[in-house]
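Here is the structure we will look at.
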Amino acid sequence: MNASARAVVIGGGVVGASTLYHLAKIGWTDVLLIEKSELAAGSTWHAAGGMHTFNGEANISRLQKYTIDLYREIEALSGQSCGLHPNGGLMLAATPGELDSLKLICSRARYLGMETEMISLDEARRLNPLIDATHFIGALWRADGGHCDPSGTTHAYVKAARQLGASVERFTRVLSLGQRRDGSWDVVTDKGTVQAEHVVNCAGLWAREVGHMVGIELPVLAMEHHYLLTEDIPELQGRDKEIVNTTDYAGEIYMRQERAGALIGTYEPHGVIWSPVKTPDDFSMQLLPDDFERLAPYFELGFQHFPALGRVGIRKAINGPFTFAPDGNPLVGPVRGVRNFWVACAVMAGFSQGGGIGLVLSRWMADNDPGQDIISMDVARFGAFATPKYTSLKVPENYSRRFRLAYPNEELPAARPVRRSPIYDKLKAAGAVMGASFGLEHALWFAPAGVVPSETPTYRRSEAFPIVRAECEAVRNTVGLYETTNYGKYEVTGRGARAWLDRVFASRIPRPGRLGLAPMLSPTGRIVGDLSIACLAEDRFLIVGSGFAEEFHMRWFWASEPPADVFVRSAASTLTGVSIAGPRSRKLMQRLVRDDLSASAFKLFQVRQTAVGFAPAILTRAGFTGELGYEIWTTPDYFASLYDDLWDVGRELGLAHFGGRALSSLRLEKGYGSFNKDFRPDYSAGETGLDRLVDFGKSDFAGRAAALAERAAGPKRRFVVMEIATADADVIGYESIIKDGVAVGYVTSGAYGHCIGKSLAAGYVPSALARDGERFEIDILGESRAATVRLQPLYDPQGLRLRA
Ligand SMILES: Cc1cc2nc3c(=O)[nH]c(=O)nc-3n(C[C@H](O)[C@H](O)[C@H](O)COP(=O)(O)OP(=O)(O)OC[C@H]3O[C@@H](n4cnc5c(N)ncnc54)[C@H](O)[C@@H]3O)c2cc1C
């Protein structure tokens with residue numbers, strides 16, 4: 001075994017194999033894969049090999065397409081067959097909600113360049129004659145997908161990587177990892193030690209244990225999973241083509257042809273966690289005992305929906321474990337605080353996602369940048385809240401919903417509530433319907449007295465629609481209260497704080513007493529943060545951004561190497577906050593604050609440290625609604641008193657609660673983009689319009705060269721808000737934006753603008769088409785709707801109310 005390597009990949013499953021291949025392909029030929037057993041011996045060898053492009057997140061769908069297309073490349077390079085059956089895919093809907101979801105997939109697929117269409121049940125039966133169509137009301141067909149041979153595919157990756165110079169050590173176990181002062185690793189194995197600049201955890205079923213080697217607890221857990229192989233099915237005899245791989249939402253079943261029989265698998269509701277505490281060291285190429293008693297009712301349903309399967313015998317049953325993260329997406333990327341340590345684990349769809357993961361991870365390792373937005377599979381989407389208990393509740397929930405629809409207005413119940421603010425019970429008593437983000441409960445909308453605080457899952461407007469309208473109107477006409485504790489908050493202090501912030505952020509850093517909007521760019525000029533910075537004193541700053549991105553931003557700050565005289569810490573759990581917004585907000589606040597809050601004394605974007613009622617607080621004149629408004633930050637011990645004080649003085653002014661849904665509507669009426677939805681690492685400063693905040697006069701800041709180059713050339717596309725001619729359903733996200741029959745972009749967010757009476761969608765279109773009044777079409781749940789660009793905010797275009 002070599003004594004050193006540029007990177008050691010731990011684990012020779014399909015994910016480790018792909019990572020090895022991609023590292024070698026970008027020119028890191030001095031890479032070594034270490035596998036404790038035979039290649040593919042973890043969860044890979046017994047997989048059903050199914051592959052598809054479906055994912056709720058457009059970028060992950062793209063990476064899945066990349067993975068499927070890659071198989072021909074590695075076959076050619078290695079000479080090893082991946083055993084491809086590119087049969088395509090069928091998805092069956094049994095309810096109107098399921099049908100809506102298929103239509104949404106179709107609308108999304110156009111911009112992604114994937115051949116997908118709604119087809120009749122007769123056509124579906126031609127593609128798969130085993131379907132009993134009486135159980136279904138609609139079907140979607142997609143060209144991409146099928147299945148491959150798991151072992152052949154893993155070997156093809158490895159052989160191709162070897163061709164490019166990479167090495168592999170089988171039957172070698174990594175025992176421990178020790179970091180040297182220079183950041184490189186001693187990878188200690190049972191056959192000696194390898195010194196490596198980088199280590200990648202691709203240990204699949206053992207990823208948790210490899211995480212422990214560097215002192216981290218990854219939110220990953222394995223579930224048992226069954227599928228059956230039937231004997232030969234007479235109905236399949238004489239066909240010249242295999243049937244199309246089929247997913248049955250209602251039955252939570254997947255099925256496909258396997259030789260002259262079928263393979264049928266189910267994601268049952270009460271799944272079983274495998275090895276909850278420690279994965280056995282000696283587990284290798286083993287199957288788990290069958291549990292037909294538990295699974296019979298679910299397979300029975302499959303036999304009703306595909307009756308020919310029930311008429312033949314079962315040739316073989318497979319029960320094997322594989323891993324999931326709490327939300328079902330992989331865990332990929334660097335880990336804050338552990339230099340040169342990377343993860344690519346919790347991959348539950350290795351044959352759809354393994355190639356894409358290898359691609360982005362290799363770019364990330366080489367360039368410090370994954371090359372595209374992959375926040376939804378970034379390991380940093382989880383933080384300290386994802387404890388083993390949280391993971392043990394969320395993973396089985398996710399498993400049971402693998403083929404269940406995720407409605408856009410649906411909040412999942414497992415592991416709730418985890419993080420609660422001090423006013424959680426008060427908000428619940430006021431009718432709050434809660435969502436959870438980064439483990440923290442936050443109000444989505446408030447059910448008035450007499451209305452049940454729950455909502456029917458739907459892709460269309462729900463019973464909350466008129467209630468959200470009333471919340472929006474309260475903000476625009478009187479005054480509203482929104483809890484902002486779920487925002488990401490960071491304190492940056494120390495003598496060197498201003499100089500460091502100046503390098504990290506692209507904007508001007510505000511002077512004491514001022515707040516500034518602050519974009520953060522990657523070295524390639526992409527948006528990695530859209531935050532605000534409040535300067536409390538020359539050496540003290542409060543930074544506020546998206547709550548879900550706390551770990552993502554903390555990792556970014558850490559990687560930006562604050563010098564010894566700069567202290568950065570998250571204030572996620574040490575600061576709580578509310579936003580008070582609306583024309584009567586000044587009157588309300590003045591009743592609780594001694595300072596003069598008149599328009600000339602406390603202007604937009606000013607900051608004060610003061611007392612609000614009982615609470616010592618940081619008070620800013622800012623907000624996200626487009627109205628006169630304030631944000632108040634205080635410590636958790638004062639927060640309930642602050643809330644009570646606000647209500648004591650606000651009740652007679654018409655104070656009303658508003659939640660996240662109303663905020664989405666209010667901010668789109670003003671044309672404000674939101675980080676992770678509209679502003680993401682896929683887009684640049686010029687494209688988002690955040691270039692207006694970039695201080696091009698600064699001599700040095702991250703992303704400067706790229707931002708300057710873009711300023712000279714002009715952005716290729718632009719963020720716009722569009723008005724949609726629709727009556728009963730609004731956009732959800734990722735629907736294609738069509739111009740003259742061609743998909744030119746996709747929707748990044750949308751909402752109904754209750755106070756302007758229009759349905760709104762935001763997204764990116766080519767710069768030449770980003771003109772006021774330009775018309776596009778957007779397919780909303782199967783109906784083509786006219787979309788008209790509005791370059792001016794549709795509400796208060798001059799910003800007079802904001803500055804009032
Ligand atoms: C029954 C079943 C059906 C499935 N069907 C599908 C499907 O149809 N489509 C699909 O895409 N996915 C499917 N999957 C999931 C798929 O198997 C996984 O996504 C995939 O195997 C994950 O691969 P991996 O490389 O991350 O992990 P693994 O395959 O578990 O590989 C990890 C490797 O790391 C090695 N290792 C661990 N610790 C060490 C150490 N300390 N030192 C050295 N080596 C170490 C292990 O020996 C192992 O080989 C299925 C899984 C099961 C169980």
Side-chain angles (χ1 to χ4, degrees), residues 13-14 40-52 54 83 85 87 89-92 128 130-131 145-154 204-205 222-233 236 242-274 285-324 328 347-353 396 398-404:
V14 67
S43 59
T44 295
W45 69 281
H46 49 48
M51 51 190 198
H52 59 88
F54 173 64
H85 296 250
N87 300 343
L90 260 182
M91 297 168 99
L92 301 173
N128 181 351
L130 306 186
I131 298 168
H147 56 278
C148 62
D149 164 28
S151 181
T153 302
T154 308
L205 294 172
M223 298 290 295
E224 293 192 14
H225 180 66
H226 284 68
Y227 65 79
L228 308 176
L229 297 164
T230 72
E231 288 173 346
D232 293 358
I233 297 174
L236 296 180
E242 281 191 359
I243 61 173
V244 171
N245 293 21
T246 303
T247 306
D248 161 10
Y249 276 133
E252 300 183 74
I253 290 282
Y254 61 92
M255 65 92 52
R256 66 165 169 85
Q257 188 161 343
E258 172 69 21
R259 297 187 200 157
L263 179 156
I264 173 168
T266 180
Y267 284 84
E268 68 279 9
H270 306 290
V272 173
I273 295 174
W274 181 70
M285 288 213 167
Q286 278 153 260
L287 292 177
L288 306 173
D290 304 327
D291 191 350
F292 287 136
E293 212 170 305
R294 186 168 62 81
L295 286 156
Y298 311 110
F299 281 122
E300 268 309 318
L301 197 60
F303 298 151
Q304 284 169 26
H305 291 186
F306 306 93
L309 274 63
R311 291 194 286 267
V312 294
I314 301 304
R315 185 163 59 80
K316 202 171 170 186
I318 303 280
N319 178 17
F322 67 114
T323 52
F324 294 76
V347 184
M348 60 107 162
F351 300 95
S352 299
Q353 299 180 334
N398 185 272
Y399 181 88
S400 72
R401 298 180 52 90
R402 173 81 174 90
F403 284 147
R404 202 86 59 80

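Minimum heavy-atom separation, Leu205 to Ala222: CD2-CB, 4.0 Å.
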> Do Gln257 and Leu236 pass the side chain to side chain contact (heavy atoms under 4.5 Å, CB included) test, and can you show the C-alpha distance, the side-chain angles, and the key distance before you say yes or no?
Replying inline: CA-CA 9 Å; Gln257 188 161 343; Leu236 296 180; 3.9 Å; yes
> Would Tyr399 and Glu268 satisfy side chain to side chain contact (heavy atoms under 4.5 Å, CB included), going step by step from the backbone distance to the final call?
Replying inline: CA-CA 8 Å; Tyr399 181 88; Glu268 68 279 9; 3.3 Å; yes
> Checking side chain to side chain contact (heavy atoms under 4.5 Å, CB included) for the pair Glu224/Arg294: CA distance, chi angles, key distance, verdict?
Replying inline: CA-CA 12 Å; Glu224 293 192 14; Arg294 186 168 62 81; 4.3 Å; yes
>> Let's go through Arg404 and Glu252 carefully: what are the C-alpha distance in whole Å and the side-chain angles of both, what is the deciding distance for salt bridge (charged side-chain N to carboxylate O under 4.0 Å, His left out) to 0.1 Å, and is it a yes or a no?
In response: CA-CA 7 Å; Arg404 202 86 59 80; Glu252 300 183 74; 3.2 Å; yes
>> Would Phe306 and Ile131 count as a side chain to side chain contact (heavy atoms under 4.5 Å, CB included) here? Give the steps.
In response: CA-CA 5 Å; Phe306 306 93; Ile131 298 168; 3.7 Å; yes
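For the pair Val312/Asp232, no side-chain contact is recorded, criterion being any heavy-atom separation below 4.5 Å from C-beta on. Taking 4.5 Å as the limit, every side-chain heavy atom of Thr247 sits out of range of all side-chain heavy atoms of Phe54. You'll find the side chain of Leu287 reaches within 4.5 Å of the side chain of His46, heavy atoms only. Side-chain contact check for Phe324 versus Pro396: every heavy-atom pair is 4.5 Å or farther apart. In this structure the side chain of Phe322 never reaches within 4.5 angstrom of the side chain of Val347, judged on heavy atoms.
Atom CD1 of residue Ile243 and atom CD1 of residue Ile233 lie 7.0 Å apart, to the nearest 0.5 angstrom.
Put simply, the residue from His85, Arg259, Arg256 that forms a side-chain hydrogen bond (donor to acceptor under 3.5 Å, both in side chains) with Glu242 is His85. Each of Asp290, Asp291, Leu295 was scored for a side chain to side chain contact (heavy atoms under 4.5 Å, CB included) with Glu293, with one residue passing: Asp291. For the ring pair (Phe, Tyr, Trp, His ring centres under 6.0 Å) with Tyr254, the lone residue among His225, His226, His305 that qualifies is His225.
Ring pair Phe303/Phe299 is parallel by interplanar angle, where below 30° counts as parallel and above 60° as perpendicular.
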